[in-house]
Amino acid sequence: MGTLVSRITAAAGQGSIGTRVLKALDALGDAEELDVVAVPLQRAVQGLPLGRLRGVLHGRPLGHPLHPALVQLPVGAWLSAAVLDVVPGSERAAHILVAVGVVGVAPAAWTGWVDWAEQHEQQMRTGLLHVASVATAVALYGASWAARSRGRHRLGRVLGFAGLTAVGGAAAVGGHLAHRQSAGANKAEPVPHLVEPGWHALGHAGEFTVGAAARRTIGEVPVVVVREAEEVFHVLADRCSHASGPLSEGEVADGCVTCPWHGSVFRLSDGWNVDGPATAPQPVFVTRTDADGNLQARLPGAG
């Protein structure tokens, strides 16, 4: 662990404090030593018998990850408690809010863990720091709750402010995960902005085998082509909306294609995400064949 810290510190190099922190977080994502912890944890979370609840925890019914929304409860409670801690006579209200935050961490943690277990290695490694920061905050707020319950409100306030500092650190790492490392973001969102309007040739219809996925490109955008029947073709953006996995290398069955990386399942007819960790559907192209039998595709709303 000392060697790991030394490597991350060295990678941070020179510059402003913000730049050095950013470089250290980038280096943390490349720290393969953390895989000895991350891999067993990932397997344990993936092995939980959650059934259909797993999709709910991912936020699939919402169309985006559920974790950021649930985080608002404990963070909001703890921030409110910090405000009340500087208001005379608000000890009881602050006590209640600290307790609400500690209890409210549980559902947020569940959603965070299931999302974390379906991320890239770099995101998982950075996520361990996020988890450690949150665990520190929960421990401090738990101690604050206990101190307040015994009437030691001054100690409870000190522990609470320490916990809020840990929460701030966890939020900073979470922001790094979400925005710099793009964890949880819809990877297919840029497709309509990259594809030119109009019809694009994908090859002769006879090149495509019924029931098999084939990869083609429209400009710089890869697409997956599936010939479902003699005259029925489906064309979707190839890179999975969850983590950019290649759908053209996935299994085609029951009118769906499954991402080979994390198991997200998309319906061929409309690109809808019907299973797996993906919370956003795939862009779907309209198809036609011209008089010479060439397959063409057009993305509605492109450009």
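What you are looking at is a predicted structure, and each value in this text was computed from that prediction instead of being measured.
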Please tell me whether [X] and [Y] have a donor and an acceptor in their side chains that are separated by less than 3.5 angstrom.
X      : Y      : answer
Gln181 : Thr126 : yes
His95  : Ser149 : yes
Thr19  : Ser16  : yes
Arg148 : Ser144 : yes
His234 : Glu228 : yes

Does [Y] offer a backbone N or O that forms a donor-acceptor pair with the side chain of [X] under 3.5 Å?
X      : Y      : answer
His130 : Val173 : no
Lys187 : Gly245 : no
Gln42  : Ala117 : yes
Gln72  : Pro68  : yes
Arg298 : Trp199 : no

If two hydrophobic side chains count as joined below 4.5 Å and joins carry through other members, does Val87 share a cluster with Leu155?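 As far as the 4.5 Å side-chain criterion goes, Leu155 and Val87 are not connected within one cluster.
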When clusters are formed by joining ILVMFWY residues with side-chain heavy atoms under 4.5 Å apart, either directly or through shared neighbours, do Val98 and Val100 land in the same one?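 Each belongs to a different hydrophobic cluster.
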Are Trp113 and Leu57 close enough, and set up right, to give a side chain to side chain contact (heavy atoms under 4.5 Å, CB included), and what steps lead you there? CA-CA 9 Å; Trp113 276 115; Leu57 293 174; over 6 Å; no
If you look at every heavy atom in [X] and [Y], which pair is closest and at what distance?
X      : Y      : answer
Arg239 : Pro222 : CG-CG, 4.0 Å
Val167 : Val75  : CG1-CG2, 4.1 Å
Gly211 : Val252 : O-CB, 3.7 Å
Val191 : Ala237 : CG2-CB, 4.0 Å
Leu159 : Ala147 : CD1-CB, 4.5 Å
Leu164 : Ala82  : CD2-CB, 3.7 Å

[X] atom [atom1], neighbour heavy-atom count above 12 within 6.0 Å:
X      : atom1 : result
His204 : NE2   : yes
Gln46  : CD    : yes
Arg92  : CZ    : no
Trp110 : CH2   : no
Asp35  : CG    : yes

Side chain to side chain contact (heavy atoms under 4.5 Å, CB included) evaluation trace for Thr279 with Asn186: CA-CA 8 Å; Thr279 59; Asn186 175 12; over 6 Å; no
Assert yes or no for the condition that the ring centre distance of His120 to Trp261 is strictly below 6.0 Å.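 Yes, the ring of His120 comes within the 6.0 Å limit of the ring of Trp261, centre to centre.
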Note, Glu32 side chain near Glu121 side chain (heavy atom, < 4.5 Å):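 No; the side chains remain at least 4.5 Å from each other.
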Would you check if Val223 and Leu236 make a side-chain contact, meaning some heavy-atom pair closer than 4.5 Å?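 Not in contact.
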Taking NZ, NE, NH1 and NH2 as the nitrogens, is one of them in Arg216 or Asp238 under 4.0 Å from a carboxylate oxygen of the other?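 No salt bridge links Arg216 with Asp238.
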Asp270 bridged to Arg267 by N-O distance under 4.0 Å: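 Judged by the 4.0 Å cut-off on N to carboxylate O distance, Asp270 and Arg267 do form a salt bridge.
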Tell me whether the rings of Tyr141 and Trp78 are parallel (<30°), tilted (30 to 60°) or perpendicular (>60°).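 Judged by the thresholds at 30° and 60°, the geometry between Tyr141 and Trp78 is parallel.
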Please lay out, stage by stage, how Gln296 and Thr287 fare under the test side chain to side chain contact (heavy atoms under 4.5 Å, CB included). CA-CA 6 Å; Gln296 298 178 335; Thr287 64; over 6 Å; no
Pair Trp116-Leu128, side chain to side chain contact (heavy atoms under 4.5 Å, CB included): steps then yes or no: CA-CA 9 Å; Trp116 174 84; Leu128 291 177; 3.9 Å; yes
Rounded to the nearest 0.5 Å, what separates atom CD in Gln282 from atom OG in Ser264?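 One gets 8.5 Å once the value is rounded to the nearest 0.5 Å.
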Mind checking the CD-OG spacing from Glu189 to Ser241? Nearest 0.5 Å is all I need.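 Nearest 0.5 Å value for the CD-OG distance: 11.5 Å.
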